Every structure is written in structure tokens, then in C-alpha cells.
Amino acid sequence: MTLHIHDTLSGQKVPFEPTNPDRVTMYVCGPTVYNYAHIGNARPVVVFDVLFRLLRHLYGEDKVVYARNITDVDDKINKKAIDEGVDISVITNKFADIYNADMAALNALPPTYQPRATEHMPDMVAMIEDLIARGAAYVTDDGEVLFRVAEYDAGSGRYGKLAKRSLDDMIAGARVEVAENKDNAADFVLWKPSKPGEPVWPGPPNPSTGKPLPGRPGWHIECSAMSEAVLQLPIDIHGGGQDLIFPHHTNEIAQSCAAHGHSDPAAYAKYWMHNGFLDFSGEKMSKSLGNVVLVHDLIKDYPGEVIRWALLSGHYRSPLNWTPELLEQSRKEIDSLYQLMRDVKARNFHIVSDYRTLEVEANNLAEGVIAELRDDLNTPEAKRLLFALRDSLRGEFRWADEGNDREVPTSIILRALQIVSGVFGILQQDPEAWFRGGASDDLTAQVEALLVERATARAAKNWPESDRIRDALNALNVEVMDGPNGATWKVKGK
RNA sequence: GGCCUGAUGGCGGAGCGGUUACGCACCGGAUUGCAAAUCCGUGAAGCCCGGUUCGACUCCGGGUCAGGCCUCCA
């Protein structure tokens, strides 16, 4: 029954044991809000949303606390605000709202907390103050506060453990210019003066003058401060994209441990999880190649569930090739699952006698899907079993259709299906609504009227008229499916 | 240059030292007034070279190629 996850720090798949099973905590690094999120940004959101859903399933809905921050202090935000002549909040509020709407379209549940850097300045400043007091950080002549990496690493060699890289390796392979104000090339910024026109906050006191250093925080400190403020240490699971392993998460560990005098990185976060990158058929997504795929645009062409399903088609730690073909395949798979739901609902089975076999089978398969997800979110294997569940239910229909009057309770089938789809975060709407693909009431009325006409024509075996009406429906981008109990329809390509 | 991953059928993508992954597409068939949906069925794989083994897609070594990080980056 245990959840196993691949922990970046140990480099192994390990059993997950929360510090407190009644309050399982998870922190995932969120967006810097100065632009639209691209599909690569959505991968961690969807992956960790599945983990969130799985944890809720395993520990209870109200036992899991999930925080995903919003970075609203940043150079790119500042630049945009200055370019547009507005306060940074104009930029950050706008894009935070868009981000949340886009992610909601992918069926990502809202995190329990969504802390913003600007709302946690005092926490950051206090932490920097502690770091200075402990000698873990120093103030430069130009008013920057830097973290003293060599001091943290001394004796233990613990800096860079998450990235499996020693401090020596990093300095040896460094392509960074050494800033002349740094004691050590690897030292990183905790606090720095703002440039003219940029927002300024009162920082930690300069030990030599006792006066606060005006400026703004560095990149890493916000996550250290916010995760602690919102979740309390140690965090159970800390996640993000692979690129964050170094330097972001590496530096978070160093800061947070140094601020509290902890030697064990697990005192900050017990488990570290990182998702792999999306591929674009060998090309990197970049503005110069013109192949940046924005979630905001994608959801105009594909239902969010399809995009989500495509993101889950590979294991989260592996690269995933993002292509139009993948989206088309995902659409068909989701369609087939909704078709199954549609068929289940159309049956109106009642509980009568021997349904136990099916109940056991459905529950076993549903359990199997969950079990695969418990194995480090093995979504491909879980998918396999979900399709097995589909086939099993289809087989049951056949059995009934062949005249074996073994009635089956629809509720049992649906429950198994819903448990699974709930953890995956798919099949969250009514199948009829799905196939109508957001058709307007006008269109729906028009289609229904045509279908009535067509039913009359078909009853009279007037095939030319029947086909003429179907052509008219096709012209409306509607596909008709004749069934034993009348016709159903769906909007094509949705 | 340093560090780290990975290479599976047309495409996507898993597990596993010996047994059909699975999905999508394709092809054949059933069903259908014709379709769609659904069902049945066939075909299709493991980068290269060594090694270990009775036996390797699965383990080990080397090579080649690809990707990621080392600088903002999911």
C-alpha cells in the first residue's frame, strides 16, 4: 500500500513516509509571472497535480497541504513594468490570473496555498538576517548580501549533493564570470540593491551600520522563506522541473539548512522530485525557432483533458516528445474513455443477482491503476490497466448483449471508473457534454431538430433524405452515430 | 571542458534475464441501409561491438548518437 517515489537527493526510488500522515506537505516551484506559460511549464503542474490527487486519495482529502508559489519579484518583471510604465503588480496580477486560468483548464486543482514573494518579504528578510548572524552570509561594499557557499560546504562537502556535483566540480567547470565582489565564485545572491525605477523593500540590517539595506531579494530565498512560512519544516515533498536542481533547489537547501544550523538536508525537505523536459522533435522550444507552444493558445484548439492526458503519456522523469500527433492520439484515447462512460450510462443496469465477479474485477483493476501510480507515478503502466478496465467492462456489455440476462449495477462500474479518473484528473465532465464540445444552445437545438427529421426519414427507410440530413449536420461539424436507442452526436475535432 | 540521463515495432511508450506489454495508426473481417461507435483477427521492436549466462530487449564493458545541467529557464 506504500507510495514509492524517486528521490533526487538519494538518487533512488524510496518508500514515502510523511513526517505526519495527518498533514502531508508538498511544495512545488511555480511560475514567474511576466508572460504566458508555455506547455513545458505545464508539465510539472500536471505531474504534481496527479501526485496531489494521489496523496489525497491515499491519506485523505483534507490531509494534504500543497503549496505552489508565485514569483512576483524578478528582473524580467521589472523590465516589463518599466517598459510599459506600470507598477509591477499590474504585470504580475495579470499573468498570475492567466496562469491560474490556464492551469485550471488542464484540470489542475488549485493548490492549498499559493504564496507570493511580495507577501513574504519579512520572512525573507528575517531569514537573511539569521544567515548573516550565523556567519553564513556576508554583506558586500555595494550592499549585496551573498551566501557563503564554501563555509556551508566545509568539512561536509554537502553543497551540490542534490545535483550530484561537488563544489570543486562546479568551480572547475564554471563558465560564469567571477564577480569581483564575491569571496567565492559559487556564492549566490540573497539580497541586492534595486536599480533605479525598480521596486525597493527594506532589507536586513547592515551589521556595520545597523540600518536596513534597501533592495530586493535574490531568486532562491523566496522559496526557502515561503515554504517554511506556509508549510513548516521539514516539507515532505519538494518538487519542480529538472532544471531547478541546480542552482535553485541546491541553494534552497543550503540557505534553509544554514539558517537553522541543520546539517541534514532532510531537515528542509525529506523528498525531492523533478520532472523531465518536453522535446520538440529534437528542437528546443525557443522564440527564435518560432515553436513556442503557449498553453493559452493550445486550450483553444484542444480540450484541457486531452492536453493533460498527453502530458501524462510518458513517465514524468523521462523526456516527452511533444507533437501534434501526440495530441491527436490523446484526443482519441480520451474520446474512447468518454464513449465508454456514455455506453455505461446508457445501460441503466440494476442490481439483481450475480454482479460480484464484475465488482471484484472492476475494483481490482481500479486498484491496479492506483498501484501503478503509487510506483513513482508510473502513468504509462497505469494507462495500460485503465485500458484493461475499459476492455473488461466492454466484455461485460457483450455478455449482456448476447442474451445473458445478467444485469449489472451501473453504479459499481462507474465508481471504479471514477476513482481512477479522479486521480488522473480526467473524465471530469458528463460524456454528453464532452462530445458536444461546448456547442452553443443554438447549435444544440438546431442539431436536435435535424435529428428528429432524420429519425422520421429513417423510420420510412428514406435513405436519400436521411443522408441529406447527415450531410447538413456534417456541414455544422457534427457527426451522427445511429444506435439501437436512437442517434447520438458529437462535435468533430473537439 | 565538467556532471547527468537516455537510445524499444509506422508513431507514442512500459515491464521483464526465458512467456502477446499497452495505446494510436495500418491491414483483414463482423456489425451497420451507408456510416460512426463497438467487436474479432493479422502483421510489426529492442543503436553498434564485445562480455557474463543454458538463455539478454532486460546485466557488465566499450563505442556511436541524442537530450539535459554547469548562465534566466518546467
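Chain identifiers are assigned alphabetically (A, B, ...) following the order of the sequence lines, protein sequences preceding nucleic acid strands; residue numbering begins at 1 within each chain. From a predicted model like this one, the values you see are computed outputs, not experimental measurements.
- For the residue pair A/N69/A/Y113, the side-chain donor-acceptor check at 3.5 Å is not satisfied.
- You'll find the side chain of A/V295 reaches within 4.5 Å of the side chain of A/L106, heavy atoms only.
- Both geometric conditions, a ring-centre gap below 5.5 Å and a plane tilt below 30°, are not fulfilled together for A/F277 over the base of B/G68.
- Within the nucleic acid shown, A/R43 has no heavy atom closer than 4.0 Å to any nucleic acid atom.
- Atom C1' of B/G41 sits at a distance of 15 Å from the matching atom of B/U31, rounded to the whole Å.
- Between A/I245 atom CD1 and B/U5 atom C1' there is a gap of 10 Å when expressed in whole angstrom units.
- Counting non-hydrogen atoms under 4.0 angstrom, A/S466 reaches a base of the nucleic acid.
- For the P atom pair drawn from B/C59 and B/C72, the interatomic distance equals 37 Å after rounding to whole Å.
- Ring planes of A/Y27 and A/H238: tilted class, angle from 30 to 60°.
- Taking atom C1' on both nucleotides, B/A66 is separated from B/G50 by 23 Å, rounded to a whole Å.
- Rounded to a whole Å, the CH2 atom of A/W309 is 13 Å from the C1' atom of B/G12.
- When the C1' atom of B/A74 is taken as reference, atom CG of A/L294 falls 14 Å away, rounded to whole Å.
- Between the NZ atom of A/K492 and the P atom of B/A37 there is a distance of 12 Å, rounded to whole Å.
- Here the P atom of nucleotide B/G67 and the CG atom of A/N275 are 19 Å apart, to the nearest Å.
- Rounded to the nearest Å, the gap between the P atom of B/C57 and that of B/G51 is 15 Å.
- Among the nucleotides B/G68, B/G12, B/U38, the one closest to any side-chain atom of A/R394 is B/U38.
- Here A/G483 lies out of heavy-atom contact (under 4.0 Å) with every strand.
- Taking atom OH of residue A/Y316 and atom P of nucleotide B/A14, one finds them 13 Å apart after rounding to whole Å.
- Between the C1' atoms of B/C22 and B/C16, the separation comes to 14 Å (whole Å).
- Residue A/F246 contributes atom CZ, which lies 17 Å from atom P of B/U5 at whole-angstrom precision.
- Aromatic ring pairs are classed by plane angle as parallel below 30°, tilted from 30° to 60° and perpendicular above 60°; the pair A/H296 and A/Y36 is tilted.
- Using a 4.0 Å heavy-atom distance criterion, A/G314 is classed as a sugar-phosphate-only contact.
- At a threshold of 4.0 angstrom between heavy atoms, the contacts of A/D467 include nucleobase atoms, whether or not backbone atoms are also involved.
- Salt-bridge check for A/D75 with A/K192: passed, with a basic side-chain N closer than 4.0 Å to an acidic carboxylate O.
- Within a 6.0 Å sphere centred on NZ of A/K79, heavy atoms belonging to other residues, nucleotides or ligands number 12 at most.
- Remark: A/Y271 engages A/F16 in a ring-ring contact (aromatic ring centres under 6.0 Å, His included) (not counting sequence neighbours).
- Relative to the ring axis of A/Y152, A/R158 places its NZ or CZ within 45° and under 6.0 Å from the centre.
- Across all strands shown, A/D74 has no heavy atoms under 4.0 Å from either base or sugar-phosphate atoms.
- Separating the CG atom of A/L278 from the P atom of B/G67 is a distance of 15 Å, rounded to the nearest angstrom.
- Side-chain atoms of A/R216 never come within 3.5 Å of backbone atoms of A/P193 as a donor-acceptor pair (strictly under, hydrogens ignored).
- Within the 4.0 angstrom heavy-atom criterion, only backbone atoms of the sugar-phosphate kind lie near A/K76; the bases stay farther away.
- Among the nucleotides B/A74, B/A35, B/A37, the one closest to the side chain of A/P44 is B/A74.
- Ring to ring, A/H274 and A/H249 are close: their centroids are under 6.0 angstrom apart.
- A/R468 comes within contact range of no nucleotide atom at all, as no heavy-atom separation falls under 4.0 Å.
- Take the nearest nucleotide of RNA chain B for A/S313 and for A/G276: the residue whose nucleotide is more 5' is A/S313.
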Dot-bracket for RNA chain B, please, read 5' to 3', with Watson-Crick or G-U wobble pairs under 3.5 Å on both distances, ( ) within the strand, [ ] crossing, | other strand, . unpaired. (((((((..(((.....[...)))..((((.......)))).....(((((..]....))))))))))))....
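- B/G23 sits 26 Å from B/G6 when the P atoms are compared, rounded to a whole Å.
- Taking atom C1' in both B/C54 and B/C69, one finds a spacing of 44 Å when rounded to whole Å.
- Between A/A42 and A/R454, it is A/R454 whose nearest contact on RNA chain B lies nearer the 5' terminus.
- By the 6.0 Å and 45° rule, A/R165 stacks over the aromatic ring of A/F246.
- In this structure, the side chain of A/E305 engages the main chain of A/Q428 through a donor-acceptor pair within 3.5 Å.
- Annotation: B/U32 and B/A37 have their C1' atoms spaced 11 Å apart (nearest Å).
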Its contact letters, B for base, S for sugar-phosphate only and - for none at protein heavy atoms under 4.0 Å, make nucleotides 16-27 of chain B read -----BSBSS--
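- Among the protein residues, A/R342 comes within range of no part of the nucleic acid, since none of its heavy atoms lies under 4.0 Å from any strand.
- When distances are taken from the side chain of A/D482 to each of B/G15, B/C3, B/G33, the shortest belongs to B/G33.
- At a threshold of 4.0 angstrom between heavy atoms, the contacts of A/V45 with the nucleic acid are absent.
- A/H315 comes within contact range of the sugar-phosphate backbone alone, with a heavy-atom separation under 4.0 Å but no base atom that close.
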